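Take a look at the structure set out below.
Note that the coordinates shown come from a computational prediction; the quantities given were computed from them, not determined experimentally. Throughout, residue positions are numbered sequentially from 1 according to the sequence presented.
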Amino acid sequence: QAEADRRASASANAWRLREQMEDELAQVAATGRSTGLSVALVAQTFGEEAAAEFQQSRDDAGTLFALQGAIARTPTAEIPELLASYRPVAGAPGFARQSEFYGVAEQLAQSITTARAADPAAAVLGDPVVSAAFDRFVNEGTPEARDAYVSQSRRAQAALGIPAAQQTVV
């Protein structure tokens, strides 16, 4: 009975750790910050190979988070060049993982460029200067605040390569 209880406990602990690993990867991909989950704990529970795989996945999630921010700040015409630096190299170690990562990066870039085209004003609201100008306009409601917001929004849209005829404001 004691052995059965030990195995059940170990199985439950492994299941909880797998959940923590999934949470870690999701959080790093979404925020760029770790939950603090120890790779040593993963190694202790699942072995060195699983720990190395987990660390690589966590590194990829962090890179993807950083890439999302870079794509969001990059002019549309320059995004293919940015993505090119992540293109997998045939015959290189890790080609399958690199290919998978590149596919996700392409989808992310497509999502961002589609959103830009659909709503150019929303595409720049993450810009701190535009956001501050927008908040000032909403709070003050003055013509000066509106003009400052419009100016900053159009400047940011132009910096992303959005043609003047396609630029909008909220």
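Of all heavy-atom pairs between Ala105 and Ile71, the closest is O-CD1, 4.3 Å. The two atoms that bring Ala159 and Pro75 nearest to each other are O-CG, 3.2 Å, heavy atoms only. Of all heavy-atom pairs spanning Ala118 and Pro120, the tightest one is C-CD, 3.9 Å. For the pair Ala109 and Ile79, the tightest heavy-atom approach, listed with the atom from each and the gap, is CB-CG2, 3.7 Å. The shortest non-hydrogen separation linking Val124 to Ser153 is CG2-OG, 3.7 Å. Across Gln27 and Ser34, no two heavy atoms sit closer than the pair NE2-O, 3.5 Å.
In the displayed structure, Glu81 atom CD is contacted under 6.0 Å by at most 12 heavy atoms of other residues, nucleotides or ligands. For CD of Gln55, the number of neighbouring non-hydrogen atoms (other residues, nucleotides, ligands) closer than 6.0 Å is greater than 12.
Applying the side chain to side chain donor-acceptor pair (under 3.5 Å) definition to pairs two or more places apart or across chains, those involving residues 67-80 are Thr76-Arg116. For residues 40-57, the pairs satisfying salt bridge (Lys or Arg N to Asp or Glu O under 4.0 Å) are Glu53-Arg97, with sequence neighbours left out. Sorted by first then second residue, the ring pair (Phe, Tyr, Trp, His ring centres under 6.0 Å) pairs that include residues 139-170, not counting sequence neighbours, are Phe134-Tyr149. Residue pairs that meet the ring pair (Phe, Tyr, Trp, His ring centres under 6.0 Å) test with at least one member in residues 83-110, sequence neighbours left out, are Tyr86-Phe101.
Atom CD of residue Glu100 and atom CG of residue Asp60 lie 8.5 Å apart, to the nearest 0.5 angstrom. A distance of 8.0 Å separates CD in Gln56 from OG1 in Thr63, rounded to the nearest 0.5 Å.
Residues Arg155 and Ser151 form no side-chain contact, since every pair of their non-hydrogen atoms from C-beta on lies 4.5 Å or further apart. Residues Asp147 and Thr142 are not in side-chain contact: their nearest non-hydrogen atoms beyond the backbone lie 4.5 Å or more apart. Two residues are said to be in side-chain contact when any heavy atoms from C-beta on lie closer than 4.5 Å; Phe54 and Leu25 meet this criterion. Residues Leu17 and Leu41 are in side-chain contact: their nearest non-hydrogen atoms beyond the backbone lie under 4.5 Å apart. Leu108 is listed as a side-chain neighbour of Ile112, based on a closest heavy-atom distance under 4.5 Å.
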Checking Arg136 against Asn139 for the side-chain hydrogen bond (donor to acceptor under 3.5 Å, both in side chains) test, could you report, in this order, the C-alpha distance in whole Å, the side-chain angles of both residues, the deciding distance, and whether it holds? CA-CA 5 Å; Arg136 181 174 164 236; Asn139 291 328; over 6 Å; no
Under 3.5 Å donor-acceptor pairs involving side-chain atoms of residues 160-170, not counting sequence neighbours:
unit_1, atom_1, unit_2, atom_2, d
Gln167, NE2, Ile162, O, 2.9
Thr168, OG1, Ala121, N, 3.2

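At distances below 3.5 Å, at least one donor-acceptor pair connects side-chain atoms of Thr113 with backbone N or O atoms of Gln110. Glu24 places no side-chain N or O within 3.5 Å of a backbone atom of Arg58 that could act as its donor or acceptor partner. Under a 3.5 Å cut-off, the side chain of Ser85 and the backbone N or O of Leu82 do form a donor-acceptor pair.
With sequence neighbours excluded, no residue satisfies ring pair (Phe, Tyr, Trp, His ring centres under 6.0 Å) with Phe65.
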